[in-house]
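A short worksheet on the structure shown next.
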Amino acid sequence: MSHSHHMMTNSVDHTSTMPPSHHHPATAASHLHGGGDGNMMMMVHMTFYFGYTNVELLFYGLVINTAGEMAGAFVGVFLLAMFYEGLKIAREGLLRKSQVSIRYNSMPVPGPNGTILMETHKTVGQQMLSFPHLLQTVLHIIQVVISYFLMLIFMTYNGYLCIAVAAGAGTGYFLFSWKKAVVVDITEHCH
Amino acid sequence: METHFFFSDKVVLLFDFWDVQSPAGMALSVLVILLLSVLYESIKFGKAKLLHQNLVSMSTCTSQQNEETDQSSSSSSELPPASTPRLRWFLCHFGQSLIHIAQVVIGYFIMLAVMSYNTWIFLGVVLGSAVGYYLAYPLLSIG
């Protein structure tokens, strides 16, 4: 494991065989780990930094090199975090709706004296093969995948992308939970 | 970067200046991470409780507003009654969103601290979560 402290210039290109020199430049140096052998250079940041050059994002080939690309990535991550919050609240609403809809099943049953009685079955929860449960499962998978993507984005330690995640989560919560809170207010305080 | 749990007195956590080299620094770092975990658990619980409190106060406030508008036919020079609870609700919801942002950011910070694979830090996170969860319910349910 070789430590190399160097300046945050545009093209950070170094080999792993450079001896660890402890010179502290004027600009703040981020804590970087160089990769193993000379073939593959992987820059793994272990502390927060602000930069928009040579930022790998999640997938092979998705590398940010300019300020414009960073701005686009910021907007994309922001929308992804907003979508995640909306998906969470949409799943809650769907679950509540599907549970209320099958809560009471009333069926007429012939009584002892020839009269018709109403038998009411109360079922809470969902059957396994019903459509709401399958939909919930699919949405759950999407939610898990997006949450891991957001975690991996935060793990790049890039300050701009982390701010995008936090701001997107806050905005998504603000926009989507507003409606949910109003619905909760109406339905739970009229009884 | 190691990818298995190890015991060490040296770690760099989250920021450049948080560079720990000695056992005393490590103990202090574990304490800070523990308090951060406690804060995270209490924020989780406090947000739900705050929402419940505001819903209750909103419902009582709106019922009082209805009584006032029924009794007094002439409108006073104050703000119309419909906008004040709405503004209060907006501020309450904005505050909830800020708390949510804090919760998300602290959650990610704790995840990154655990990612250092330092066993002491990990134990601090686990213990802090346990203490925070244990203390949140009785202490924040008062009233």
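Proteins come first, then strands; the chains are lettered A, B, ... in the order of their sequence lines, and each starts at number 1.
You'll find the side chain of B:His93 reaches within 4.5 Å of the side chain of A:Ser177, heavy atoms only. You'll find the side chain of B:Trp18 stays beyond 4.5 Å of the side chain of A:Thr47, heavy atoms only. Side-chain contact between B:His100 and A:Phe174: absent, with no pair of heavy atoms (C-beta onward) separated by less than 4.5 Å.
Proximity to chain A (any heavy atom under 4.5 Å) is shown, for B:Gln103, by neither the backbone nor the side chain.
Placement of B:Leu35 and B:Phe109 in two distinct hydrophobic clusters is found when ILVMFWY residues are connected by side-chain heavy-atom separations under 4.5 Å, directly or transitively. If you chain together hydrophobic residues whose side chains sit under 4.5 Å apart, B:Ile33 and B:Ile106 fall into the same group. Hydrophobic clustering, with ILVMFWY side chains joined whenever heavy atoms are under 4.5 angstrom apart, keeps A:Tyr173 apart from B:Ile43. Residues A:Leu152 and A:Leu150 share a single hydrophobic cluster, defined by chaining ILVMFWY side chains whose heavy atoms lie under 4.5 Å apart.
Shortest non-hydrogen contact noted between B:Val105 and A:Ala166 is CG2-CB, 3.6 Å.
The CZ atom of A:Phe154 sits 11.0 Å away from the CE atom of B:Met115 when rounded to the nearest 0.5 Å.
Summarising the local packing, CZ of B:Phe5 is surrounded by more than 12 heavy atoms from other residues, nucleotides or ligands at distances under 6.0 Å. Heavy atoms from other residues, nucleotides or ligands lying under 6.0 Å from CZ of B:Phe45 number more than 12.
By number of non-hydrogen pairs under 4.5 angstrom with chain A, the leading residue of B:Val104, B:Leu112, B:Leu98, B:Leu13 is B:Leu112.
Ring pair A:Phe48/B:Phe15 is tilted by interplanar angle, where 30° to 60° counts as tilted.
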